[in-house]
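Computation of the quantities below employed the complete heavy-atom set of this structure, encompassing side-chain atoms and omitting hydrogens, waters and symmetry-equivalent molecules. Chain A is the first sequence line, chain B the second, and so forth, proteins listed ahead of strands; every chain is numbered from 1.
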There are 2 protein chains.
Amino acid sequence: MSIEALTEADDGPRSKRPAILAAAVECFGEVGYEATKWSEVADRVGIGQTALYHYFESKAHCLLTIMRLGLRNSDVAFRAATAEAPDALGALRSAVSAAYALSPQEVHQNRILQANIALLANKRASAREEAERQACRELVARIEHNWTVLLERGMAAGEFPRHDSVIMARSLLGLIVSVWRWYRPDGSLELDGISEFIADCCLRMVAGTQPAQR
Amino acid sequence: MSIEALTEADDGPRSKRPAILAAAVECFGEVGYEATKWSEVADRVGIGQTALYHYFESKAHCLLTIMRLGLRNSDVAFRAATAEAPDALGALRSAVSAAYALSPQEVHQNRILQANIALLANKRASAREEAERQACRELVARIEHNWTVLLERGMAAGEFPRHDSVIMARSLLGLIVSVWRWYRPDGSLELDGISEFIADCCLRMVAGTQPAQR
DNA sequence: TGTGAAACCAAACTGAACTCAGGTTTGCTT
DNA sequence: AAGCAAACCTGAGTTCAGTTTGGTTTCACA
């Protein structure tokens with residue numbers, strides 16, 4: 001993800017908004033949201049601390065924006081990956097691959113998302129933060145819905161055995177995003193290998209047959 | 001989990017340590033670690049804010065202690081559940097069941113653990129916090145090892161097809177704990193049902209056969 | 001070259017985590 | 001029961017990151 005992926009329509013040409021988001025993604029991804037000083041983000045961009053408030057209402061508002069953009073990307077990527085798959089099984093495999101076809105910056109973004117997802121549970125005091133939070137919740141719901149629909153399509157076509165599609169979707173997502181908790185770019189395992197491994201796991205979860213039940 | 005589950009050997013009879021931990025588990029579990037005021041915990045216990053520092057070096061030290069005790073419980077529960085299972089398949093099913101056989105307080109504790117696991121990645125400044133963090137990391141490693149050994153046992157016995165046991169263990173754990181992100185006691189789904197669903201998923205992931213590959 | 005909006009900043013403020021310098025309670029010893 | 005050490009607790013602060021205030025600077029465009 002380049003800096004453009006963090007740019008939104010209403011940013012003027014002089015706007016440092018994307019640069020702030022990029023710096024924040026780096027900081028939050030490296031040492032975590034709480035551990036990063038808001039002023040450190042300002043330093044990296046090369047502006048004073050108070051200039052941040054021209055673009056974001058608060059540090060939390062910035063975090064929520066990062067999360068929303070990450071969720072939006074995931075939603076878009078899912079749709080693109082599954083759009084022209086002929087069968088649900090192929091779409092499933094394609095969707096998992098898409099979930100791991102990310103730039104290093106997007107990996108950071110996913111780690112941030114994963115680590116701070118609990119933030120979406122409780123109401124925010126300020127209006128703009130609450131708006132971002134609601135947007136995030138809608139995107140989460142939409143993404144869960146995407147997977148649910150895919151599963152139901154496969155079940156209806158007889159490709160997958162019948163299961164509760166909502167819980168199955170959540171479980172798949174839970175498995176897929178759990179990788180961001182331990183994956184590090186400098187680790188022993190490449191993202192490609194992880195992607196394949198998880199995809200196979202997902203396929204067995206959804207379409208696999210079970211061994212003797214005790 | 002009663003208050004005893006939060007008591008440790010070196011607590012005197014007058015110690016409010018377990019009470020503080022119990023109150024903190026409630027607060028952190030309900031509104032999250034960052035959102036709970038340290039003074040709120042003191043209020044619930046019925047002591048002044050500064051009395052907290054007689055027992056914990058900091059709010060983070062308290063959190064890390066809660067996490068360590070939760071991890072310890074998970075480790076113990078796994079060993080108890082899998083100790084006298086004759087085969088790996090039965091042990092796997094038993095281990096997943098054990099992971100969900102929890103009191104409401106332990107559910108909170110697992111939610112806290114899951115939400116703040118990223119805290120274990122970076123070094124802590126203070127000595128006691130760092131000690132708790134190291135203890136947590138060791139427990140995480142031990143729990144991952146427990147699952148890895150179980151998987152290897154099953155593969156060696158021919159019960160499971162061969163897979164990378166370390167990643168598979170992490171994936172299973174990722175799937176299992178992902179439930180705490182969305183599960184709520186007042187939700188539509190009971191923990192029993194979830195447990196069974198996830199157990200079946202785990203069995204298919206580990207021992208299931210895959211459908212036609214693309 | 002004058003104007004308005006966007007961008008920016010230094011200094012002051014806020015509130016929650018934390019420290020300090022003691023005071024109080026408890027249980028044990030004699 | 002008196003003495004006493006350890007454990008326990010507190011009010012009055014300090015600190016520090018995030019935030020607010022009250023402006024000044026920059027720049028596109030008329």
A/Thr82 OG1 to A/Asn146 CG distance, which is reported to the nearest 0.5 Å | 7.0 Å
DNA chain C contacts among residues 28-46 of chain A, heavy-atom distance under 4.0 Å | none
Go through D/dC9, D/dT21, C/dC8 for me and flag the one nearest to the B/Ala51 side chain.
-> D/dC9
Output all residues satisfying side chain to side chain donor-acceptor pair (under 3.5 Å) with A/Asn116, sequence neighbours left out; order by chain, then residue number.
-> none
Tell me, please, which residues at least two apart from B/Glu129 pass salt bridge (charged side-chain N to carboxylate O under 4.0 Å, His left out).
-> B/Arg124
Which part of the nucleic acid, if any, lies within reach of B/Tyr55 when heavy atoms closer than 4.0 Å are counted: base, sugar-phosphate only, or nothing?
-> sugar-phosphate
Side-chain donor-acceptor pairs of residues 59-67 of chain A under 3.5 Å, sequence neighbours excluded:
from    : atom 1 : to       : atom 2 : distance (Å)
A/Lys59 : NZ     : A/Tyr33  : O      : 3.1
A/Lys59 : NZ     : A/Thr36  : O      : 2.9
A/His61 : ND1    : A/Glu57  : N      : 3.0
A/Thr65 : OG1    : A/His61  : O      : 2.8
A/Thr65 : OG1    : A/Glu132 : OE2    : 3.1

Sorted by chain and residue number, the side chain to side chain donor-acceptor pair (under 3.5 Å) partners of B/Gln134 (sequence neighbours excluded) come out as B/Glu130
Separation of atom CG in A/Leu52 from atom P in C/dA7, rounded to whole Å | 13 Å
Residue set satisfying salt bridge (charged side-chain N to carboxylate O under 4.0 Å, His left out) with A/Arg142, at least two apart, ordered chain then number -> A/Asp75
If only side-chain N and O atoms of A/Lys16 are considered, is one of them under 4.0 Å from the OP1 or OP2 phosphate oxygen of C/dA6?
-> no
Round to the nearest Å and state the distance from A/Tyr53 atom OH to D/dA17 atom C1'.
-> 8 Å
Nucleotide C/dA16, atom P - distance to NZ of B/Lys59 in whole Å | 10 Å
Name every residue in residues 113-132 of chain A that has at least one heavy atom under 4.0 Å from any atom of DNA chain C, in order of residue number, or write none if there are no such residues.
-> none
Considering residues at least two apart in sequence or located in another chain, which fulfil the salt bridge (charged side-chain N to carboxylate O under 4.0 Å, His left out) criterion with B/Arg170?
-> B/Glu144
Please tell me which of the listed nucleotides, D/dT21, C/dT19, D/dC9, lies nearest to the side chain of B/Thr50?
-> C/dT19
Listing time: all N or O pairs from protein to nucleotides 13-15 of chain D that are below 3.5 Å?
none

Take the protein atom CD of A/Gln49 and the nucleotide atom P of D/dT20, then report the distance between them rounded to whole Å.
-> 14 Å
If only side-chain N and O atoms of B/His54 are considered, is one of them under 4.0 Å from the OP1 or OP2 phosphate oxygen of D/dC8?
-> yes
Looking at residues at least two apart in the chain, or sitting in another chain, which of them share a salt bridge (charged side-chain N to carboxylate O under 4.0 Å, His left out) with A/Arg128?
-> none
Side chain to side chain donor-acceptor pair (under 3.5 Å) filter on A/Ser94, not counting sequence neighbours, yields none
Measure the shortest side-chain to side-chain distance between A/Val107 and A/Leu191 over non-hydrogen atoms and say whether it is less than 4.5 angstrom.
-> yes
Sequence neighbours left out, what passes side chain to side chain donor-acceptor pair (under 3.5 Å) with B/Glu40? Give chain and number order.
-> B/Arg44
Rounded to whole angstrom units, what separation is found between the NE2 atom of A/His61 and the P atom of D/dG18?
-> 16 Å
Atom CZ of B/Arg17 to atom P of D/dC9: distance rounded to whole Å?
-> 13 Å
